[in-house]
> 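Structure incoming, see below.
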Number of protein chains: 2
Amino acid sequence: MPTLSEVAQLAGVTAATVSNVLRHRGRVGAETRQRVLDAVKTLGYRPHLAARALAEGRAPTIALMVSSIDNPFYPEFALAVERAARESGHFVIVCNTNEDPATGRAYLDQIAGTLSEGVLVTNANLDFADLHKTEARGAPVVLCMWERPQEPPGLHCVAVDFRRAGELAGAHLVELGHRRIGAIVGSKVSGIHAARYAGFVDALHAAGLDAPAARLRQAPDSVQGGYAAARELLEADPGITAIFASNDLPALGALHAAADLGREVPRDLSVTGITDIKPAREARPALTTVAVRTAEAAELAVGLLRDLLAAAPDYEGAARTAPRVLVVPEPRLVVRGSTGVAPMRE
Amino acid sequence: MPTLSEVAQLAGVTAATVSNVLRHRGRVGAETRQRVLDAVKTLGYRPHLAARALAEGRAPTIALMVSSIDNPFYPEFALAVERAARESGHFVIVCNTNEDPATGRAYLDQIAGTLSEGVLVTNANLDFADLHKTEARGAPVVLCMWERPQEPPGLHCVAVDFRRAGELAGAHLVELGHRRIGAIVGSKVSGIHAARYAGFVDALHAAGLDAPAARLRQAPDSVQGGYAAARELLEADPGITAIFASNDLPALGALHAAADLGREVPRDLSVTGITDIKPAREARPALTTVAVRTAEAAELAVGLLRDLLAAAPDYEGAARTAPRVLVVPEPRLVVRGSTGVAPMRE
DNA sequence: ATGAAAGCGCTAACAC
DNA sequence: GTGTTAGCGCTTTCAT
């Protein structure tokens, strides 16, 4: 692979000039510029990104920490991140923590600040202490999809009003006449989704309904998890006419459980999710859910990271600003086939 | 961030020694080693990967080119790639081409050989010419999930016997007594899946059946694509009792089409896919499909890339070996709920 | 408008 | 065993 100085030699100039031409820096004579450009072309020169990273003191990559791309949400998010990152010339290194803090720490220790200039974190079960350490070392960290805008995490973040999302789903079910509504929320490991449930409960309260613990189940963030929880709920209390799930995957599982229990959706049972991942649109019936603007969240996160990077090139010490919180525009209800008016009381 | 020489200074040695300690190279006195290790710890030193990459002439990353992580296959594959890559100390940069050759080219031009030392390519609709150019520049390329082991692409690759996969699916349907079987294969853009269809046809022929063009449809590799194609097939010829889809996503779409047309699966209609992606296991009924060993393919691909890298550090010119073809162990039929014995003729 | 020179943080010969 | 010396390919002041 040709180097800068080879190009320089061919063009009869010095490496500095070639660099200037390529980076549109400094003033270069029109004719010289042309010679350089020609040399670049004939040699097929391409800048060596690692060398540039070293010289500039910053690598053109960002690390995206995810818990497991096994969950369809992450690829969707990653896609949006990559698109946004590319606009600022960044490549995305995907780091799968598998929900294991040690793996996450290993990733952070290795690349943050040395091979990637910033870090984006989705719910990857990382130690906040590790994230702070990473920041302290000079690599900005942005938390994505933070659940509680009102309760900043002490790190830069992009937050989604998930309480509101839960409220929208709850209100929708209430409006349809449902009175006995089961709820499935995340488990300890998949994130408890307290804000989402709180919003749901708010909606019930607003309608004078209560949300007894007997109608609440925790489940992993998966189809299977939701399936099991929904079965439990429905078997324990056949009077339940609707299920609120704090995430789409478990909601999809609830759909399956309903089918297996001989309950037709939405005639006998309504189901709602939160997020609006692709499989929600493809389910039968398609899932009514509260859409979270994933792509916008990704763009905000990348933008925030870029701001932080620009504000403080080495980002050390006092240059660090107070944690910033960006809120993703309000989630919105998407009514599809999985919800309908509550069946008549008998 | 502390540097090598800061560590060296603190330990009262020179940078070279610290490097040796850290890389377990050369002979270093036990006591010195300890002093160095202490210094590393107190300073919280971490090697600067970009600097190391420059000095070593190779970056610790590989690029994974995918068409769009929108399709659940890619995340599953990417996950396996990342796992395997980590074992050889590589990070994975995900490059989404969106099926656009120009985007792919831009990615290759930028990172191959400069920020990533090798490239893994899934069906990303890249120009082979671009891939060859990349190889010529010194960055090995491995094609993943090549469709026809018998027909090497002129590049290193990991191949899957998809013809065999099609044959397994076809034979399964034939055995169940199906005689009029519709087929849905990939479209031009999503890959035509000729080998898979050929295998399917072989299975029919082996049973003395034919596969008329009237029972063949092309569709994009998506649920919607499969849905539309299946509807067409079923409406054009209601006598069809089974559908062979060359991929899981369209097969899932066929399941939906059956439901909409009032045909119960598997009683009135059987459906098969190929790959065994996660949504296939989660569908209702679960999809009968031919499982392709995705994780193994990923491991083989990463292993092959590593071999190529080891064989020829700069990988230029004559060092390049003849294209190697690794075949993923035979695909296997996974019978689930979407297939059953053919309905009686009336 | 262009060149000279220093240096980013690390590795790798080779010398002592 | 440990230090010295060159770079890796690029960017970036600072002269000219």
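Model, not experiment: these values are computed from the prediction. Convention: sequence-line order gives letters A, B, ...; per-chain numbering from 1.
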> Please report, rounded to the nearest Å, how far the P atom of dT4(D) is from the CG atom of N20(B).
14 Å
> Rounded to the nearest angstrom, tell me the gap between atom NE2 in H24(B) and atom C1' in dA12(C).
17 Å
> Which listed nucleotide (dT2(D), dT11(C), dT2(C)) is nearest to the side chain of V28(B)?
dT2(D)
> Between dG3(D), dG9(C), dC10(D), spot the one nearest the side chain of L54(A), thanks.
dG9(C)
> What contact category does S19(A) fall into here, base, sugar-phosphate, or nothing, at under 4.0 angstrom with non-hydrogen atoms?
base
> Could you please spell out the steps behind the side chain to side chain contact (heavy atoms under 4.5 Å, CB included) verdict for E6(B) and Y45(B)?
CA-CA 9 Å; E6(B) 288 170 8; Y45(B) 168 80; over 6 Å; no
> Answer with base, sugar-phosphate or nothing: what part of the nucleic acid does T3(A) contact at a heavy-atom distance below 4.0 Å?
sugar-phosphate
> When the distance from CD of E6(B) to P of dC8(C) is rounded to whole Å, what number comes out?
10 Å
> Taking for each residue the nucleotide of DNA chain D bearing the nearest heavy atom, is the 5' side occupied by A55(B) or by A30(B)?
A30(B)
> Whole angstrom is fine here: how far is it from CG in L49(B) over to P in dG9(C)?
14 Å
> Distance check needed: dG7(D) C1' versus H48(A) NE2, whole Å only.
14 Å
> Take atom CD of Q9(A) and atom P of dC10(D), then tell me their distance rounded to the nearest Å.
14 Å
> Give a yes/no on whether any side-chain N or O of R23(B) is located under 4.0 angstrom from OP1 or OP2 of dA12(C).
yes
> Which nucleotide, dG3(C), dC10(D), dT2(D), lies nearest any side-chain atom of Y45(A)?
dC10(D)
> Can you tell me how the ring of H132(A) sits relative to the ring of F128(A), calling it parallel under 30°, perpendicular over 60° and tilted otherwise?
perpendicular
> Could you check whether E117(B) and H90(B), counting side-chain N and O atoms only, form a donor-acceptor pair closer than 3.5 Å?
yes
> Which residue, R25(B) or A51(B), contacts DNA chain C at a nucleotide closer to its 5' end, judged by nearest heavy atom?
A51(B)
> Do D109(B) and R137(B) sit within salt-bridge range, that is, some charged N less than 4.0 Å from a carboxylate O?
yes
> I'd like to know if E299(B) pairs up with R306(B) as an ion pair, taking the criterion as any Lys NZ or Arg NE/NH1/NH2 lying under 4.0 Å from an Asp or Glu carboxylate oxygen.
no
> Is T17(A) near enough to dT2(C) that one of its side-chain N or O atoms lies under 4.0 angstrom from OP1 or OP2?
no
> Using whole Å, what does the distance between atom P of nucleotide dC8(C) and atom CE of M1(B) come to?
13 Å
> Taking the side chain of L4(A) as heavy atoms from C-beta outward, which of dG9(D), dC10(D), dT11(C) is closest to it?
dC10(D)
> Salt bridge check, E31(B) against R35(B): does any charged N sit closer than 4.0 Å to a carboxylate O?
yes
> Taking any heavy-atom pair under 4.0 Å as a contact, classify R27(B): base, sugar-phosphate, or nothing.
base
> Assign T114(A) to base, sugar-phosphate, or nothing according to its heavy-atom contacts below 4.0 angstrom with the strands shown.
nothing
> Quickly work out the L22(A) CG to dG9(D) C1' distance and round it to whole Å.
13 Å
> As a test of reading the structure: which of dC10(D), dT4(D), dT2(C) is closest to the side chain of T14(B), going by heavy atoms?
dT4(D)
> With a cut-off of less than 4.0 Å, is there a side-chain N or O of R52(A) near OP1 or OP2 of dC8(C)?
no
